[in-house]
Structure formats: C-alpha cells, structure tokens
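Dumping the structure here so I can ask a few things about it.
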2 protein chains.
Amino acid sequence: MRATVMYGAGNVRVENVPDPTIENPTDALVRVLRSCVCGSDLWPYASMAANPQGRRMGHEFLGVIEDVGSEVSGFKAGDLVVAPFLWEDNTCDFCQEGLQSSCRNGGQWGLSGVDGGQGEAVRVPQAQGTLVKLPVAEDSALLPSLLTLSDVFCTGHHSAVTAGVNPRKTVTVIGDGAVGLSAVLAARRLGAERIILMGRHKDRTDLGRDFGATDVVGERGDEGIERVRELTRGDGAHAVLECVGTRQSLETALGVVRDGGTISRLGVPQYEEGPMGFDTIMRNITFTGGVAPARAYIEELLPDVLEGKVEPGRVFDRAIGMDEVPDGYRAMAEREALKVLIQP
Amino acid sequence: MRATVMYGAGNVRVENVPDPTIENPTDALVRVLRSCVCGSDLWPYASMAANPQGRRMGHEFLGVIEDVGSEVSGFKAGDLVVAPFLWEDNTCDFCQEGLQSSCRNGGQWGLSGVDGGQGEAVRVPQAQGTLVKLPVAEDSALLPSLLTLSDVFCTGHHSAVTAGVNPRKTVTVIGDGAVGLSAVLAARRLGAERIILMGRHKDRTDLGRDFGATDVVGERGDEGIERVRELTRGDGAHAVLECVGTRQSLETALGVVRDGGTISRLGVPQYEEGPMGFDTIMRNITFTGGVAPARAYIEELLPDVLEGKVEPGRVFDRAIGMDEVPDGYRAMAEREALKVLIQP
C-alpha cells in the first residue's frame, strides 16, 4: 500500500510500504477513507534531523474495517470507524479516569511497527478500545467533521474543558490555526458568551467568528495583551486557551489571563522552561491542559456533529489525494492552507 | 508602641513606633494578642538588601478591637478578631469569587503606612471586610490554633482545595515546615486516606503523622522520587502539595506526580522559570495554587478549630514575647523552632 514517510525537515514522500495484516488478536485492519495533516506534523517538517529509515506519518483517520482479530468484539468488516490520535485499550485505570492519553497499553501511530494514518490502510492495535463506530455511509458529507474527532476538535474541547469554560467565563483563544479555531468552537459549545480570538489571518479569524468568536485581536505581543485587557475591563480573561505552543504565546497567555484564571496549553510546546515565578503565585494562575485524551470525548461530541449542530470540518480548506501529500505539507507550512484533508 | 522592623538580612529589631490611630472611616484598631513568624519572613531574613528605612514585619495576628471607624459596622471595641494575611474589602468581584488575595481595594500588612502584625497593635484597613470575629475569650487555649486561620492553616487548605484533594486521591506533601504540616492536616480533613509526607526532620514528620500523614519519605531528590513512586505502584500521586518553594522541590513535585495529576504551589517561589516542556504536556500535568485567599476560608475552617476537631496550632513549638522576636527569627532560620508564637 501507499503511505507517507518523513525523512527529515521538508522531506516527505509517499511510498510503497508493506500491506498491514492482523498481527495480534486485538488488532483490526482499517482501510483509510479520510486522513489529514496536523499542525503538530509541521514541527518535524520544519526541524526533523535527517533519518534514512524515515518515519511513518499521520495520526488522524477514519475508515472502514476490513478485518478484526479474534479478540476484538463489537466490530466487524464493513463498519465505518474513527480512531483517536493515540491508540489505547480503553479499560485500564487511566482510561477509566478519562486519561486515555496515558493508557497503560496504548501508544502512538507510526511508531514501533504501527502504521501512520496518512496512508491507505492501518493496522489498529487495541482495536476494541481504540475505535469508535460512526453511523454514516462512506459517501457521507459529514466525513470531514467526523474526522476532526480524531484530534483537532477533541483537542480544542480538551482545552476548553480543562480551562473550566462555562457561560459565566470570558475566554481568550491564542492562535487561529485549526486547533485554535476548534477551541473557539468548543468554548462556544460549552456556553461561553464572550470569546476573544487572537489571530491575524483574516480568512481564519472569519471562520473563528462563524465558530463563535465575539472579538478578534490581530495584534501580537504587548500590543495584543493591551487590546485583550481593554476588552476585559483591564482584567484579562478567566480562561485562556493557548493553541500555538511557543514561548511567546505562553507569555501572551500570562498577559491576558485574569487573576485566578486558567491557561490551558495544547499541542507540542516549543519550550522547556516557562514563566512560573512570583507573579503567577500572587495572581493564582493555573496552568493546565496537555495532550488531549481524544478517546474520552468522541462519544460525547459525536451527536452534535451528526446533528450538524457543530461543523468542525470547516477547518479543512483543501482536499488532496495521496500523491499530493508532500504538497499538502508544503501548503500548510507556508500557511497557504489551514488544514489539508487527505482522501487516499 | 513596640513593633518588629527588618533592616536587611539577619537584621530584625523591635522598636518603638508611633501608636496607630483610626485614619480612615473603614479602619479598626486592634490590640494584638497573638502574632507569629512566617516561613515566608525567612526569605527576606536570609537575603533582604540593607534598607535604612526598615520594613515593618508580620502578617498573621489576632487580637481585640479597641476602636472602629465610622463606616465599620458589625464590630465594636472588645471583640476578639482574627485577620487574614492580606487585608481586603471582601465585597469586590474578586472577593465575591473567593479570590480575596486579588481584592481591588486590598493590600499587604506592613506596607504603605499599614502596620505589620508583629507588634503591639495594628490599624486594620477595610476592617469590616478583613476581620472575622472569634467567639472565645482572651485567655482561650484555642488562640494558637485560631491564629493559624490568619495564614498557615488556610494556606495548607488552599493547596489541598486547588489540588482537588478528596477521599479517592493519593496526596504527596513536599516539605515538613509549618505550611507542609498544615497541608497534611487540610488534606486529611478533606478526606484523603493516603498522604505521603516528604520531610527529614523527625520531630516535624512525627507531627505530620499526627496530622494524618500515612507515610513519610525522608529522602530527597531522585531518591525521594523513587521512594514515593514505590509507594504509589510506580505511578506517583494524584495531588502534590509543594510547600517549599525552591526549584528543586518543584522538580521533585514533577517527579512524584501521577499522569493527569495536579501540583499545587504555595509560598514564595525562589525561581522565575519552571519546567513546562513536552513531558508536562504529554502527562497532562496541572500546576495550580498560589497565594491563599485566607479570608475565603476562615469561616469554613473556624468550626472545626472551635470544636477541637483539628489542632493546627500544634505547629507552634515556641512562644515568645516582643523582646525575643529577633531570636525567634534566628531560631526558625536555624530550624531550631518550627514556628514561633509571639505574645506581645
């Protein structure tokens, strides 16, 4: 089959790789219908050291089950399913607590002999715990929105949940990428009435307004902080959803958060050290968030997607086939595309 | 009157200062019955730059009202009252939310013409919001425990509350100072059944056991982390109450916290930067806590103190008069005393 392999910064290829087969009785084989490129894929695309072995890419996909191992029950060939961006047994104590990202028997796509999502098929470990059935047909117009349950919509939801978003709280979202826009949508869905989106790409912030942003701040750094404070009586926002991952955006988050407020951090942080000094203690600032346990949220978010109450799939502004995957990476890295949908 | 003034590291004096008077109609005058030295006083005692003006010290006191301004209602001369370690109006929006530490009309003791608590009397600004009446006599044996409502018991409680301590969560408390021990007591009061105390002064950890610690770990650094992990199935604790404030103790906290767990930070951090990189994101670690809004908790904790259900005053292991205050600082700095009670 054909799959996406990254060999270093800027070096993404689509290659023939061995067809996956059932290796363990807990596996399933899934033919991929839709996959996509993630903002987090752009970090290695920008900086990965050359690696002649290459690294299989992609952690977001939905597809059709072709076969299941002997210990997988509740699924059969022909079922349409979505996979969260980490695989997990969904039964261990962490999973039971809703922290499937720390599953004792889980792991990442594309590592240790597990396929990546950006290919024609995937062997799914711990299939019974990992997969969630989707009650739609292969040609459903909802597929793009359903695919966001793999990662980006669940990730935005995780940030809103961990930041304690509710109707009484003012929210500031930092970043107008697909995760930031998903965070806006998730915050609105949880009832936030005042959502300030910090971003400067008009086409993206326009989508943010459609998703529920009430204010857009295009300025960055101190100027951006000043603007958000003006919009919040000088106090800042109760909940800040930091959807960029740089040290600068973390500092912006501290600048726009209200005393007693919460900063939820998402994505892959491009820093090791952060500001945690006297000021954060005096102001009772909470830092929370992290890698979303997407599996914990899929069933909860699915009905709203099926009913069309939310359309998180609007973050996809380009659809490509497998051949075009390298160009899809380029387009996202150059901010020509917001998020690229792959139809293998 | 006599009051405590610090002129620089190691330079604490008891001096004659002007008697306080009612300056604003929202003031009250309180004759101090009990005050104490705080662990946070030891930071300037260790490192304060020489200052010929001096700085009035003390932020924990209880006493008897001698006079009230014309706008103070509900209090009269003769009332026995306790003050939280910050003064506040207790009516602004932050106060209404329980974040009195960020009161719009509040401030710190010992600054801007406000007296410190380590003296014979205090002018209390925003007296109606700040003070809480205590239904005991001047000779009550409960005074030491009631004094801890000023700071140390409320601070321990704040750490346990913000860390989400409950009967289902394993707790690790880092530090066997008065705040650490108070955090143990607060965690036990909130129902925690497994409380691991990290500390290496046996007399203090013995008190910690009386307060509810089920395990004591005397090792520090990696060895201490290893021990806590052994005690928690290799996973670490759900709630870590970091009651030291150094960079090393923060790193220990990260080492002993369970995935998805919470680190509550107290006291005055002796660092500006903290570890907030990839590991904290992958593990969904929350950093919370901060300066306790003690005022928010006094009424809640008071009944248990009055009924003797908790005895937080056991952290005081030495009682002194005003003349001995400089020696009280020395004794605490040299860890000869855990916490020093002042009886002016």
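Computed from a predicted structure; not experimentally measured. Every heavy atom of this structure was used, including side-chain atoms; hydrogens, water molecules and symmetry mates were not.
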Query raised in the report: Should the pair A:R247-B:E273 be classified as a salt bridge under the 4.0 Å nitrogen-to-oxygen rule?
Result: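 A salt bridge links A:R247 with B:E273.
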
Query - B:D222 CG: over 12 foreign heavy atoms closer than 6.0 Å - result: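 Not buried by this count: 12 neighbours or fewer within 6.0 Å.
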
Requested in this report: Look at B:G274, B:S102, B:S264, B:P293 and state which one has the largest set of heavy-atom pairs under 4.5 Å with chain A.
Outcome: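 Heavy-atom pair counts peak at B:G274.
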
Query - Closest heavy-atom pair and its distance - B:M276, A:Y271 - result: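 That would be O-CE1, 3.2 Å.
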
Query raised in the report: Who wins among B:G98, B:A292, B:G290 for the most heavy-atom pairs under 4.5 Å with chain A?
Result: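 Top count of heavy-atom pairs under 4.5 Å with chain A: B:G290.
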
Query raised in the report: Between A:I281, A:I285, A:V268, which shows the greatest number of heavy-atom pairs under 4.5 Å with chain B?
Result: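 With the most close heavy-atom pairs to chain B, the winner is A:I281.
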
**Report entry** Full working for salt bridge (charged side-chain N to carboxylate O under 4.0 Å, His left out) between A:R258 and B:E97
**Finding:** CA-CA 12 Å; A:R258 189 174 185 270; B:E97 294 166 23; 2.8 Å; yes

Query - Criterion side-chain contact (heavy atoms from CB on, under 4.5 Å) on B:T286 and A:T286, from CA distance to verdict - result: CA-CA 7 Å; B:T286 294; A:T286 293; 3.7 Å; yes

Report task. Select, from A:G245, A:G260, A:G289, the one with the greatest count of heavy-atom pairs under 4.5 Å involving chain B. Result ->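 Of the options given, most contacts go to A:G289.
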
Requested in this report: Return the minimal non-hydrogen interatomic distance between B:S101 and A:N284, and the atom names on each side.
Outcome: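 Closest approach of B:S101 to A:N284: OG-ND2, 3.5 Å.
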
Query raised in the report: So, are A:R104 and B:D259 salt-bridged, with charged N and O less than 4.0 Å apart?
Result: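 Here A:R104 does not pair with B:D259 in a salt bridge, since their nearest N and O are not under 4.0 Å apart.
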
Query raised in the report: What pair of heavy atoms forms the shortest contact from B:G277 to A:P269, and how long is it?
Result: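 Answer, listing the atom of B:G277 first, then A:P269: C-CG, 3.7 Å.
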
Requested in this report: For chain B, find which of A:I263, A:T262, A:D235, A:L86 contributes the most heavy-atom pairs closer than 4.5 angstrom.
Outcome: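 Maximum pair count with chain B is reached by A:D235.
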
Query raised in the report: Among side-chain atoms of B:T280 and A:R265, is any donor-acceptor pair under 3.5 angstrom?
Result: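 On atom types as modelled, these side chains qualify, holding a pair under 3.5 Å.
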
